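As the structure is a prediction and not an experimental result, all values here were calculated from the model. Side chains included, hydrogens not; waters and symmetry mates left out as well; all remaining heavy atoms used.
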Amino acid sequence: HVAVPRAPPETNAPPTIMITLPPSTQTELEAYAFRQLVAHLRNRPDVSNIDQMNLAGFCRNCLSKWFLKGAREMGLDMRYDTALETVYGEPYGEWKGKHQRKATAEQMRLFEANAHLHAEHPIVPMVVGDKTDADAHAPPPKTQSSEAVNLTPPGVLSDVCCTPETEIGLTGVGNAVVASGVTNSTAGLMTTGQPAIDLTGNSTIALDSSSTQIRLGVLTISDRAFNGVYPDTSGPTIVDAMHRVFEKNIFSTLCYVAPDDFGAISQKIKQLVNAGCNVVFTTGGTGIDRRDVTPEATRGVLHREIPGIAQFLLTKSLGKEINQPHACLSRAVAGVRDRCLIINLPGRPSACSQLVNEIAPILPHALAQIRKGD
């Protein structure tokens, strides 16, 4: 064989530009990437955990355990079921009941053949449930101390694979208890306390530990905003109002802009629900213009309509505090699709802010009822 020397690199190649970000910005970007990954995984329940393990060496349960480990390294005694629900978007047992299938012989063969690519635990064996689960990566029962199982060799990507949740991140655990609802500053963790809110939007609502974290979806419906004629201001107003009221209880936010088109509206609402949102506000298209089709598109994707919410918001809009007589022309609807509460709001930013403040005290109870009814 004749060795052919490589050509020297281009001398006129553009220089590499390194961007240094402030630590807070870096953290925000990393958190954004995590939220998008979680939303993608929730939107693809057809991809099983065992297939993820076979292809990448980690699965949804690993991601949940990394979340759990991070919380415990911060001194937060988080429960594993809280971490699982953060990733799965619902209680793990309910997700398994909907999406888990029995593993095929080929899946099991690949899982066992690729075991050297998973985290190694010399004392705790690689447990795949009872080998009847298609998501085969459930944590085994605790059998050894944390010193015994924390022997992950260098280069293994998943340092939580198959580790019992009781062994994860126990070093330096403090007194803050997330599962019991102690307030903390980590996004997406829940707090306790009685709702404390006035209708000015200056107070906050604290969700108790039995409530679901809010995964917010906002859909702005406007031909002109969609086509870039003017920027969307209603959607950001809703996001700001919800964050002001619920503070750290909002785990994720996903926003879209759609034209005044029945199919586009329906598709985007479904996309928000499939991404794991449990509260979706739409803004715009609820009037009597011929292009206003938001109520029809929303009603078409609802599994159960809740007329009382629309009636409540209409009453508030016509009341003396908001006093918008034109609100009587609204055809807004509200209801439930899967585990998500969907509410139509008007298109004006000021009205969106006011009505979010009005409906906010109802949301924790509504979400609890939606979960209870499943």
Check your understanding: Mind checking whether Val356 and Leu341 sit in one hydrophobic cluster, side chains of I, L, V, M, F, W, Y counted as touching below 4.5 Å?
Key -> yes
Review point. Going through the distances and angles, do Asn344 and Thr298 end up as a side-chain hydrogen bond (donor to acceptor under 3.5 Å, both in side chains)?
Key: CA-CA 8 Å; Asn344 292 163; Thr298 303; 3.1 Å; yes
Point to revise | Check against side-chain contact (heavy atoms from CB on, under 4.5 Å), Asp46 and His99 | key: CA-CA 7 Å; Asp46 56 303; His99 305 296; over 6 Å; no
Check your understanding: So, do Tyr230 and Ser222 sit near enough that their side-chain heavy atoms are less than 4.5 Å apart?
Key -> yes
Review point. Does the Asn278 side chain pair with the main chain of Arg215, one donor and one acceptor, at a distance under 3.5 Å?
Key: yes
Practice item. Could you tell me whether Glu296 and Arg331 make a salt bridge, using a distance below 4.0 angstrom between a side-chain N and a carboxylate O? Key: yes
Point to revise | Closest heavy-atom pair and its distance - Pro295, Gly285 | key: CD-O, 3.2 Å
Practice item. Output, in order, the C-alpha distance, side-chain angles, deciding distance and verdict of side-chain hydrogen bond (donor to acceptor under 3.5 Å, both in side chains) for Glu30 and Gln26. Key: CA-CA 6 Å; Glu30 291 168 354; Gln26 180 74 22; 3.0 Å; yes
Check your understanding: Charged N to carboxylate O below 4.0 Å: is that the case for Glu90 and Arg42?
Key -> no
Review point. Is a side-chain N or O of Asp289 found less than 3.5 angstrom from the main chain of Arg291, in a donor-acceptor match?
Key: yes
**Study point:** From CA spacing to verdict: side-chain contact (heavy atoms from CB on, under 4.5 Å), Val336, Ile306
**Key:** CA-CA 8 Å; Val336 175; Ile306 310 176; 3.8 Å; yes
Practice item. May I ask you to decide if the ring planes of Phe67 and Phe34 are parallel, tilted or perpendicular, using 30° and 60° as cut-offs? Key: parallel
Exercise for review: Over 60° means perpendicular and under 30° means parallel, so classify the ring planes of Trp95 and Tyr92, tilted if in between.
Suggested key: parallel
Check your understanding: Can you tell me how far CG of Leu345 sits from CD1 of Ile359, rounded to the nearest 0.5 angstrom?
Key -> 8.5 Å
Exercise for review: Flag yes if Leu313 and Leu302 sit in one hydrophobic cluster, no otherwise; membership is Ile, Leu, Val, Met, Phe, Trp, Tyr, and two members link when side-chain heavy atoms are under 4.5 Å apart.
Suggested key: no
**Study point:** Exercise: identify the closest heavy-atom pair between Cys340 and Val279
**Key:** SG-N, 3.9 Å
Check your understanding: How close do Leu254 and Cys277 get, heavy atom to heavy atom, and via which atoms?
Key -> CB-SG, 4.3 Å
Exercise for review: State, yes or no, whether a side-chain contact exists between Tyr256 and Thr220 at a heavy-atom distance under 4.5 Å.
Suggested key: no
Exercise for review: Side-chain contact test, heavy atoms from C-beta onward, threshold under 4.5 Å: evaluate it for Gln36 versus Ser252 and give yes or no.
Suggested key: no
Check your understanding: Just by distance, do the side chain of Ser234 and the backbone of Gly347 share a donor-acceptor pair under 3.5 Å?
Key -> yes
Check your understanding: Is there a donor-acceptor pair under 3.5 Å between the side chain of Asn54 and the backbone N or O of Ile50?
Key -> yes
Exercise for review: Check whether any side-chain heavy atom of Leu363 sits under 4.5 Å from a side-chain heavy atom of Val245, and report yes or no.
Suggested key: no
Review point. Same cluster for Ile269 and Ile221 if Ile/Leu/Val/Met/Phe/Trp/Tyr side chains link at under 4.5 Å?
Key: yes
**Study point:** pair Asp261-Pro259: side-chain heavy atoms closer than 4.5 Å
**Key:** yes
Check your understanding: Is there a side-chain contact between Arg44 and Val47, using heavy atoms and a 4.5 Å cut-off?
Key -> yes
Practice item. Determine the minimum heavy-atom distance between Arg35 and Phe251, stating which atoms define it. Key: CD-O, 3.4 Å
Review point. Does one hydrophobic cluster hold both Ile238 and Ile309, with members joined at side-chain heavy-atom distances below 4.5 Å?
Key: yes
Practice item. Please test Val218 against Val280 for side-chain contact (heavy atoms from CB on, under 4.5 Å), starting from the C-alpha separation and ending with a verdict. Key: CA-CA 6 Å; Val218 178; Val280 168; over 6 Å; no
Review point. Taking Asn227 for the side chain and Val229 for the main chain, is one N or O donor matched with an acceptor at less than 3.5 Å?
Key: no
Review point. Counting only N and O atoms by type, is there a donor-acceptor contact under 3.5 Å from the side chain of Asp260 to the main-chain atoms of Asp223?
Key: yes
Review point. Looking at CD of Gln267 and CG of Leu219, how far apart are the two atoms once the value is rounded to the nearest 0.5 Å?
Key: 9.5 Å
Point to revise | Backbone N/O of Pro346 and side chain of Thr286: donor-acceptor pair under 3.5 Å | key: no
Review point. Ser350 and Arg348: side-chain hydrogen bond (donor to acceptor under 3.5 Å, both in side chains), yes or no, with the steps?
Key: CA-CA 6 Å; Ser350 60; Arg348 290 186 305 105; 2.8 Å; yes
Review point. Which atom names give the shortest non-hydrogen contact between Tyr80 and Ser64, and what distance separates them?
Key: CE1-CB, 4.3 Å
Check your understanding: Under 4.0 Å between a Lys/Arg side-chain N and an Asp/Glu carboxylate O for Arg79 and Asp81?
Key -> yes
**Study point:** Donor-acceptor pair, side chain of Asn357 and main chain of Gln354, under 3.5 angstrom
**Key:** no
Review point. Can you check side-chain hydrogen bond (donor to acceptor under 3.5 Å, both in side chains) on Asp51 and Gln107, steps first, answer last?
Key: CA-CA 7 Å; Asp51 283 337; Gln107 286 175 320; 3.0 Å; yes
Point to revise | Atom pair CD (Glu305) and CD1 (Ile342), whose distance is rounded to the nearest 0.5 Å | key: 11.0 Å
Practice item. Test Tyr88 against Asn61 for side-chain contact (heavy atoms from CB on, under 4.5 Å), laying out the working first. Key: CA-CA 9 Å; Tyr88 284 90; Asn61 289 350; 2.6 Å; yes
Check your understanding: Do the side-chain N and O atoms of Thr253 and His243 include a donor-acceptor pair separated by under 3.5 angstrom?
Key -> yes
Review point. Does Leu367 reach the side chain of Ile214, with side-chain heavy atoms less than 4.5 Å apart?
Key: yes
Practice item. Output yes when a side-chain donor or acceptor of Arg337 lies under 3.5 Å from a complementary backbone atom of His303, and no otherwise. Key: no
**Study point:** Hydrophobic cluster identity match, Phe312 and Ile343, side-chain contacts under 4.5 Å
**Key:** yes
Practice item. Please confirm whether the backbone N or O of Ala241 pairs with a side-chain atom of Ser353, one donor and one acceptor, at under 3.5 Å? Key: no
